[in-house]
Amino acid sequence: MSTTFIHGGIVVSATGSQPLDVLIEDETIAAVVRPGSTALGADLAATAATVIDATGKYVIPGGVDGHTHMQLPFGGTEASDTFETGTRAAAWGGTTTIVDFAVQKPGERVQDSLALWHEKAAGKCAVDYGFHQIVGSVDGESLEGMRELVSEGVTSFKLFMAYPGVFYSDDGQILRAMQTAGDLGAVLMMHAENGIAIDVLVEQALSRGETAPYHHGVTRPWQMEEEATHRAIMLAHLTGAPLYIVHVSAKQALEQIAEARGKGQNVFGETCPQYLYLSLEENLGAPGFEGAKWVCSTPLRARAEGHQDELWRYIRTGDVTTVATDHCPFCMKDQKELGLGDFSKIPNGIGGVEHRMDLMFQGVKDGRISLEKWVEVCCTAPARMFGLYPRKGVISPGADADVVIYDPDGHTSIGLGRTHHMNMDHSAYEGFEIDGHVDTVLSRGRVLVDAGQYLGSAGHGRFVKRGLSQNLI
Ligand code: URP
Ligand code: ZN
Ligand code: ZN
């Protein structure tokens, strides 16, 4: 048996922070004890095979990113991170579990699309991974497929109210999928934007010669997100399906979510660091074609409209349940460039799997959220949301030994050539300075990152069969 002893640090959980030492045996947390405790019988600092001095540091559960897209075929190309490069970058940033999306194309069985995603990921990942299933064509066969997938540990399904002709489902299809999800107790994840109306706005903008990346944001106004969010909530209410609205960027959509939650409905909101830090004016509106780096949907919102303050507030109230990255990287060269002269052809997505823990810790430093809220939205709540708890998302006996030692007095300067391990030719957060640092990362007891060195390997990460959500009211 291999033992690791982490001592001297402050263990931070979603509910509190205290000085505690952590004993790991092989892949599992064996004990969490008060410093100096003799309960374990031996001087572990002298006898454990690996001893980590965490004095002055936070000891937190490994991050759980509930929304990533490695190798996603999208927008005429494929997301530039493979499962190998993307999960290695995740490890660098203190994320030890991702939940990625298998994609069912029309005409394909959901079971076959899941098998394909298993093939892409198996033997490649640096950290543990699970899958959600995107249902690209809702029909009798795919509804039956959803039942089978739940028994295989894929317990959440994403539908799109956006992207007509690609992933789009109409209201009847959504209703049917929600009925099935409600029946199964599975989480229905929704991309909530009115894609039919957006396509009209896009066509009108292009016909006026408004072709720059900035117009991606302008043609997807908050009304499109609020309306779709409301519609999804109503359909979920009718069917009893637990509803998780992904990548929420508009404060008005969050008002809808908060109202439904206030009435006791199982509705959950996810936001992403890009919506908390980046904006329509400064990023999508950058000169020339530069704004393409930040084309994603839902889009970055106008800073002047006050969405960011409200998103942070809704994180504090709990109406934003989780913070994920929606990591969907595309290079500028040959990928984002597909939309030169026509913003609607820019592949949608931003890469950030490496930076979520740091960017959210900056929220602690800036007084936006508490230390415990940081751990809650980045680790514990996503684990509970997606049926991974208490194996993931918590430091307690019996849990997987996924642990991050975080230095609150360290510094991280985000940018290409500095802290960038994602397979992208730019960073969406170039120049961001973070008042903290991921020092050491363990996944199931194995040290993946320590003192600026990568010690992990492709294939260490395993598929995790998920249970049903543990977040339901
Ligand atoms: O722009 C985005 N969000 N790209 C990834 C696909 C999705 O809708 O989540
Ligand atoms: Zn989406
Ligand atoms: Zn996504």
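One-based numbering, in listed order, for ligands and for the atoms of each. Keep in mind it's a predicted model, so treat the numbers as computed, not measured. If you read the sequence from its start, that first residue is 1, and numbering goes on from there.
- The one candidate from Arg301, Lys293, Arg303 that meets the salt bridge (charged side-chain N to carboxylate O under 4.0 Å, His left out) condition with Glu282 is Arg303.
- Between Tyr58 and Tyr406, a ring centre-to-centre spacing not shorter than 6.0 Å is recorded.
- Given atom 6 (C) of ligand 1, the protein heavy atom at minimum distance is His69 NE2, 3.7 Å.
- Protein heavy atom in closest approach to atom 4 (N) of ligand 1: Asn348 O, 3.1 Å.
- When non-hydrogen atoms are compared, ligand 1 lies under 4.0 Å from the backbone of Cys296 as well as from its side chain.
- Residues Val375 and Thr380 meet the side-chain proximity criterion, which asks for heavy atoms closer than 4.5 Å.
- In this structure, CZ on Arg356 lies 4.0 Å from OG1 on Thr95, to the nearest 0.5 angstrom.
- None of Lys392, Arg446, Arg462 except one satisfies the salt bridge (charged side-chain N to carboxylate O under 4.0 Å, His left out) rule with Asp402; the exception is Lys392.
- Among pairs with a residue in residues 213-245, those fulfilling ring-ring contact (aromatic ring centres under 6.0 Å, His included) read Tyr244-Phe386, at least two apart in sequence or across chains.
- For ligand 1, the atoms sitting less than 4.0 Å from at least one non-hydrogen atom of Phe160 are 8 (O), numbered in the order shown with element in parentheses.
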I'd like to know whether Glu259 forms a salt bridge (Lys or Arg N to Asp or Glu O under 4.0 Å) with Lys263, so could you lay out the CA-CA distance, the side-chain angles of the two residues, the decisive distance to 0.1 Å, and finally the verdict.
CA-CA 6 Å; Glu259 190 182 325; Lys263 291 177 183 161; 3.3 Å; yes

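- Interface atoms of ligand 1 facing Asp326, defined by a heavy-atom separation under 4.0 Å, are 2 (C), 3 (N), 5 (C), 9 (O).
- Protein heavy atom nearest atom 9 (O) of ligand 1, with residue, atom name and distance: Lys158 NZ, 2.9 Å.
- Residues passing the side-chain hydrogen bond (donor to acceptor under 3.5 Å, both in side chains) test with Ser344 are Asp342, sequence neighbours excluded.
- The angle that His69 NE2 and His67 NE2 make at the Zn ion (ligand 3), rounded to 10°, works out to 100°.
- For residues 278-331, the ring-ring contact (aromatic ring centres under 6.0 Å, His included) pairs, not counting sequence neighbours, are Tyr277-Trp312.
- Among protein heavy atoms, the minimum distance from atom 2 (C) of ligand 1 is reached at Ser297 O, 3.5 Å.
- Nearby protein atoms of type N, O or S around the Zn ion (ligand 2) amount to 3 (distance under 2.8 Å).
- Here is the list of ligand 1 atoms found below 4.0 Å of a heavy atom in Gly349: 1 (O), 4 (N).
- Residue-to-ligand polar distances place His191 within reach of ligand 1: an N/O pair is separated by less than 3.5 Å.
- Ligand 1 is never approached by Phe101 to a heavy-atom distance shorter than 4.0 Å.
- Between Asp183 and Arg147 there is a salt bridge, with a side-chain nitrogen of the basic residue lying less than 4.0 Å from a carboxylate oxygen of the acidic one.
- Counting heavy-atom neighbours within 6.0 Å of Arg176 CZ, excluding the residue itself, gives a total of 12 or less.
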